[in-house]
Q: 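For reference, the structure I am asking about is given below.
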Amino acid sequence: MRNSAPMWRVVKAVALAAFVVFVSLPLVQMTMISFVATLAHPDTPLGAVTLRNYSAILTDPNLRSAFANSIAYVVINICITVPVAIPAAYAFSRLSFVGDKHLFLAFIAFRITPPVVLTLPIFQLFSSLGIVNSVFGIALAHCLFNLPISIWIMQGFISAVPKEMDETAFLDGYSRRGFIWKILLPQIAPGIAVTGFFCFMFSWVEVVFARILTTTNGKPISMALNALFGFQTDIGLVMAVTVASMLPGAALLFAMRGHLSRGFKVGQV
Amino acid sequence: MKSRDNTGWIFVLPAALVLGLVGLIPLMTVVNYSFFEIFILDARFWVGLEWYADIITSGRFWASFGRSTLFSMLILTVQIPLGIAIALCIPQRKTWVGISLAVVALPLLVPWNMIPSLWLALMNPDSGILGRMLGGLGWPVDWKLSIPHTWAVVIAMDVWHWTSLVVILCYSALTTIPQSHYQAAAIDGAGPWQVFRHIQLPQLYHVLLMAVLLRFMDSFMIYTEAFPINAGGPDGATMFLAVDLGEEIKAFNYGPSAARSVIYFLIVLMVAYSFSKAQSKLSDRQPA
């Protein structure tokens with residue numbers, strides 16, 4: 001990019017390093033505790049360095065199903081959010097229709113509505129629909145914040161596609177649907193990946209809806225973690241589960257790093 | 001220019017339906033409940049605006065409102081400049097970018113209910129890395145009894161948790177600046193500050209507006225993360241708005257909690273409205 005003076009470059013490197021250290025500290029602490037036996041066991045004394053916390057994850061059926069549930073509801077959420085967000089983002093980006101600004105405002109309002117405000121009625125509504133205690137319920141509830149964000153991000157990507165491309169396609173005889181499928185979608189593929197990642201990120205770690213919608217079944221990782229706290233909390237196991245819960249996201253982040261660093265602009269109406 | 005075309009509604013209809021189901025219908029339910037005294041959901045009677053009057057005139061509501069406002073302001077003051085600064089520090093050489101971004105984003109992947117546990121472990125005076133370090137320096141952190149210390153821990157925790165989001169958004173917007181802008185600035189002999197002020201910052205406006213909106217609202221309504229640090233204490237000093245609402249719901253006070261929810265939603269609407277006003281002002285100034 002810019003050729004900055006060497007001193008300036010050093011200042012930047014030091015600042016970034018300091019921030020990375022700050023970000024890492026709690027994570028290092030977490031990882032350290034996760035390898036320690038924090039409750040005495042017959043074969044491992046208290047405070048010993050051990051892998052037993054991690055092996056416990058594999059053997060505990062509750063924890064195993066919690067990981068399966070988390071993956072299931074996030075995947076379902078992305079499968080609902082992305083296909084619904086793409087046409088909406090296209091409309092907000094390219095078309096002017098009656099009430100578009102108000103609708104966008106309403107969408108934003110739902111994104112920033114704190115989940116705790118809607119917990120009770122969502123629980124009632126979902127009970128009457130018969131989708132509590134299932135991964136589908138959580139996936140649907142999380143659309144409340146993921147859908148507006150997805151429209152927002154995707155709209156930025158669509159707006160970056162030159163308008164001339166639409167016009168040429170229409171002249172070439174493409175219908176609007178044909179244009180979206182055959183020309184627009186391949187163009188915004190990185191945008192779909194980034195959107196999917198953001199959906200994953202906001203949904204995977206959410207707690208409020210996940211808690212009220214899973215009293216008996218379908219508990220995700222965050223709730224399995226809650227259940228580990230008790231009279232005698234095995235904090236080593238808690239930390240090991242937390243580390244493990246971050247691994248899919250970290251893998252995704254690593255795979256996505258190119259897309260994230262290529263940059264995007266957020267949409268505007 | 002966008003074309004005038006009401007078929008746009010067909011494209012937004014699926015999204016509107018989903019948000020109608022998980023957003024609008026529950027919201028209307030809450031509005032309905034807020035006018036009733038409810039013992040069980042089948043037995044209720046009309047109380048009109050009584051719950052609203054109770055909340056608006058209660059000192060506790062305004063105290064929480066004040067605390068949440070102060071908290072959000074502090075969070076924005078730290079996170080937004082810090083996020084911009086770190087985004088500017090991320091090197092532009094390809095290999096490092098991805099790794100730096102990935103490491104910086106890690107806090108976003110921690111389940112929210114574990115964030116207080118991580119920080120309590122970190123601050124533990126006997127076993128925590130930071131707790132021991134600060135103790136060794138002669139600054140023991142007392143987040144149980146000291147109000148400033150509790151606030152410092154909650155703010156540090158939120159900065160740790162969410163600054164990365166600001167960094168990612170800002171970094172993404174920075175990469176869309178054409179190289180030629182920098183070359184032109186170099187020819188004009190612009191210093192780092194001028195480059196930032198006239199080239200980088202204008203490119204960040206839209207993304208910053210979004211970052212400010214998300215960070216303001218999410219910190220204003222902080223719930224999961226704040227409470228476990230000190231159960232709202234010491235002496236109620238970390239009872240924020242959403243924590244109050246959570247307590248009310250846990251106590252099964254349907255009517256009052258619904259009224260409180262509606263009041264919070266009105267705040268949300270006002271914030272969203274000022275956001276969209278700010279956004280259209282920006283769009284007028286610099287046609288994108």
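Since this is a predicted model, take the numbers as computed values, not measurements. Chain letters run A, B, ... following the sequence lines, proteins first and then strands; every chain starts at 1.
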Q: Heavy-atom cut-off 4.5 Å, strictly under: side chain, backbone, both or neither for B/L27 against chain A?
A: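 Both backbone and side chain of B/L27 come within 4.5 Å of chain A.
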Q: Does A/S222 offer a backbone N or O that forms a donor-acceptor pair with the side chain of B/N113 under 3.5 Å?
A: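 Yes, the answer is positive, given that a donor and an acceptor are paired below the 3.5 Å cut-off.
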Q: By a 4.5 Å heavy-atom criterion (distance strictly below it), what part of A/T81 contacts chain B: side chain, backbone, both, or neither?
A: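 For A/T81, no heavy atom lies under 4.5 Å from chain B.
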Q: Between OH of B/Y264 and CD1 of A/I112, what distance do you get to the nearest 0.5 Å?
A: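 Answer for the OH-CD1 pair, B/Y264 versus A/I112, is 15.0 Å.
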Q: Walk me through whether B/M210 and A/I108 qualify under side-chain contact (heavy atoms from CB on, under 4.5 Å).
A: CA-CA 10 Å; B/M210 177 177 177; A/I108 293 167; over 6 Å; no
Q: I need the residue from B/I90, B/I86, B/L13, B/T224 with the largest number of non-hydrogen atom pairs under 4.5 Å to chain A.
A: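 With the most close heavy-atom pairs to chain A, the winner is B/I86.
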Q: Is it the backbone or the side chain of A/A85 that comes under 4.5 Å from a heavy atom of chain B, or both, or neither?
A: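 Nothing of A/A85, per the 4.5 Å heavy-atom cut-off to chain B.
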Q: With a 4.5 angstrom heavy-atom cut-off, is it the side chain or the backbone of A/V20 that approaches chain B, or both, or neither?
A: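 The side chain, not the backbone.
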Q: Take A/F126 and B/V22 through the side-chain contact (heavy atoms from CB on, under 4.5 Å) test and state the conclusion after the steps.
A: CA-CA 9 Å; A/F126 283 19; B/V22 297; 3.9 Å; yes
Q: Checking heavy atoms, do the side chain of B/A156, its backbone, both or neither come under 4.5 Å from chain A?
A: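 Just its backbone gets close to chain A.
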Q: Looking only at heavy atoms, what is the nearest atom pair of A/M239 and B/L118, with distance?
A: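 What the structure gives for the nearest pair is SD-CD2, 3.6 Å.
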Q: Please find the pair of heavy atoms, one from B/V268 and one from A/A109, that lie closest to each other, and give the distance.
A: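 Minimum heavy-atom separation between B/V268 and A/A109: CG1-O, 3.3 Å.
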Q: Decide side-chain contact (heavy atoms from CB on, under 4.5 Å) for A/M201 and B/L165; before the verdict, give the C-alpha distance in whole Å, the side-chain angles of both, and the deciding distance to 0.1 Å.
A: CA-CA 11 Å; A/M201 198 179 76; B/L165 184 68; 4.1 Å; yes
Q: Any chance you could measure A/R9, atom CZ, to B/C89, atom SG, to the nearest 0.5 Å?
A: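 That separation rounds to 13.0 Å.
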Q: Can you list the steps and then say if A/F209 with B/W112 is a ring pair (Phe, Tyr, Trp, His ring centres under 6.0 Å)?
A: CA-CA 12 Å; A/F209 283 134; B/W112 290 2; over 10 Å; no
Q: I'd like to know which of A/V98, A/I149, A/I151 tops the heavy-atom pair count under 4.5 Å against chain B.
A: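 Ranked by heavy-atom pairs under 4.5 Å with chain B, first place is A/V98.
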Q: Excluding sequence neighbours, so at least two apart, what forms side-chain contact (heavy atoms from CB on, under 4.5 Å) with A/D166?
A: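 Counting only residues at least two positions away or on another chain, A/D166 forms a side-chain contact (heavy atoms from CB on, under 4.5 Å) with A/Y90, A/R94, A/K163, A/F170, A/F179.
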Q: Taking every non-hydrogen pair under 4.5 Å, which of B/L24, B/I10, B/L130 racks up the most with chain A?
A: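 Most heavy-atom pairs within the cutoff with chain A belong to B/L24.
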Q: Considering only heavy atoms from C-beta outward, does the side chain of B/T7 approach that of A/R176 to under 4.5 Å?
A: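 Of all side-chain heavy-atom pairs linking A/R176 with B/T7, at least one is under 4.5 Å.
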Q: May I ask you to name which of A/T119, A/I122, A/I80 has the most heavy-atom pairs under 4.5 Å with chain B?
A: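 Sorted descending by pairs with chain B, the first entry is A/I122.
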Q: Would you mind checking which part of A/L147 comes under 4.5 Å of any heavy atom in chain B, side chain (CB onward), backbone (N, CA, C, O), both or neither?
A: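 The side chain, not the backbone.
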Q: Is it the backbone or the side chain of A/F229 that comes under 4.5 Å from a heavy atom of chain B, or both, or neither?
A: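 For A/F229, side-chain heavy atoms alone lie under 4.5 Å from chain B.
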Q: Against chain B, label A/L125 side chain, backbone, both or neither, depending on which of its atoms sit under 4.5 Å from a heavy atom there.
A: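 Side chain of A/L125 only, per the 4.5 Å heavy-atom cut-off to chain B.
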Q: If you count heavy-atom pairs under 4.5 Å with chain A, which of B/L269, B/I25, B/L214 comes out on top?
A: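 Heavy-atom pairs under 4.5 Å are most numerous for B/L214.
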Q: Measuring from A/F22:CZ to B/T163:OG1, what's the distance to the nearest 0.5 Å?
A: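 Here the rounded value is 6.5 Å.
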Q: CE/B/M114 to CD1/A/I221 distance, rounded to the nearest 0.5 angstrom?
A: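 Those atoms lie 11.5 Å apart.
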Q: Side chain, backbone, both or neither: which part of A/L252 has an atom under 4.5 Å from a heavy atom of chain B?
A: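 For A/L252, there is no contact with chain B at all, as no heavy atom is under 4.5 Å.
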Q: Quick check on A/I86 against chain B: is it the side chain, the backbone, both or neither that has a heavy atom closer than 4.5 Å?
A: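 Nothing of A/I86, per the 4.5 Å heavy-atom cut-off to chain B.
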Q: Using non-hydrogen atoms and a 4.5 Å limit, figure out which bit of B/A105 sits close to chain A: side chain, backbone, both or neither.
A: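 Contact with chain A: backbone and side chain both.
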Q: Among residues at least two apart in sequence or on other chains, which ones pass ring pair (Phe, Tyr, Trp, His ring centres under 6.0 Å) with A/F200?
A: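 Ring pair (Phe, Tyr, Trp, His ring centres under 6.0 Å) list for A/F200, sorted by chain: A/W204.
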Q: For the aromatic rings, using the six-membered ring if either is Trp, is the centroid distance between A/W8 and B/F196 under 6.0 Å?
A: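 Not close enough - the centres of the two rings lie 6.0 Å or further apart.
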Q: Between atom CH2 of B/W9 and atom CG of A/L103, what is the distance when rounded to the nearest 0.5 Å?
A: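 One gets 4.5 Å once the value is rounded to the nearest 0.5 Å.
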Q: Quick check on B/D218 against chain A: is it the side chain, the backbone, both or neither that has a heavy atom closer than 4.5 Å?
A: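 Interface part for B/D218: side chain.
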Q: Out of B/G246, B/S100, B/G128, B/A85, return the one with the most heavy atom pairs under 4.5 angstrom to chain A.
A: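 Highest number of pairs under 4.5 Å: B/G128.
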Q: Minimum heavy-atom separation for B/P14 to A/V84, with atom names?
A: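 Taking every non-hydrogen atom into account, C-CG1, 3.6 Å.
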Q: Is any side-chain heavy atom of B/Y254 closer than 4.5 Å to one of A/L120?
A: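 Sidechains of B/Y254 and A/L120: in contact.
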Q: Evaluate the side-chain proximity of A/T242 to B/P111: yes if any heavy-atom separation is below 4.5 Å, no if none is.
A: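 When only atoms from C-beta onward are counted, A/T242 and B/P111 do touch, with a gap below 4.5 Å.
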Q: As an exercise, state the distance from CZ of A/F107 to CG of B/L19, rounded to the nearest 0.5 Å.
A: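 Reported to 0.5 Å precision, the distance equals 5.0 Å.
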Q: Looking at every heavy atom in both A/L27 and B/L106, which two are closest together, and how far apart are they?
A: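 Scanning both residues completely, I find the closest heavy atoms to be CD1-CB, 3.8 Å.
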Q: For A/I235, which atoms come within 4.5 Å of any heavy atom of chain B: side chain, backbone, both, or neither?
A: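 A/I235 has no heavy atom closer than 4.5 Å to chain B.
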Q: Using side-chain heavy atoms (C-beta onward) and a distance below 4.5 Å, is B/L108 in contact with A/F198?
A: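 The answer is no, as the side chains (C-beta and beyond) never meet within the 4.5 Å cut-off.
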Q: Could you pull out the closest heavy-atom pair between A/Q29 and B/S127, with the gap in Å?
A: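 In this case the closest contact between A/Q29 and B/S127 is NE2-O, 3.6 Å.
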Q: Find the one option among A/A91, A/A15, A/S96, A/P121 whose heavy-atom pairs under 4.5 Å with chain B are most numerous.
A: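 Of the options given, most contacts go to A/S96.
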Q: Given the options B/L213, B/I115, B/L82, B/V103, which has more heavy-atom pairs under 4.5 Å with chain A than any of the others?
A: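 If we count pairs closer than 4.5 Å to chain A, B/L213 comes out on top.
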Q: Looking at every non-hydrogen atom in both residues, tell me the closest pair between A/C143 and B/V18 and how far apart they are.
A: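 In this case the closest contact between A/C143 and B/V18 is CB-CG1, 3.7 Å.
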Q: So what's closer than 4.5 Å to chain B heavy atoms on A/I33: side chain, backbone, both or neither?
A: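 A/I33 touches chain B through side-chain heavy atoms alone.
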Q: Select one option (side chain, backbone, both, neither) describing which atoms of B/Y273 are under 4.5 Å from chain A's heavy atoms.
A: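 Contact with chain A: backbone and side chain both.
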Q: With heavy-atom distances below 4.5 Å as the criterion, would you say the side chains of B/W160 and A/P26 are in contact?
A: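 Heavy-atom side-chain distance check passes, below 4.5 Å.
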Q: So which of A/V116, A/T113, A/V117 actually passes side chain to side chain contact (heavy atoms under 4.5 Å, CB included) with B/S261?
A: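 The side chain to side chain contact (heavy atoms under 4.5 Å, CB included) with B/S261 is passed solely by A/V117 among A/V116, A/T113, A/V117.
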Q: Looking at B/L245, B/V110, B/V271, B/V30, which has the largest count of heavy-atom pairs under 4.5 Å with chain A?
A: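 Heavy-atom pairs under 4.5 Å are most numerous for B/V110.
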Q: Quick check on the interface: out of A/V23, A/V243, A/N226, who has the most heavy-atom pairs with chain B under 4.5 Å?
A: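 Most pairs with chain B among the choices: A/V23.
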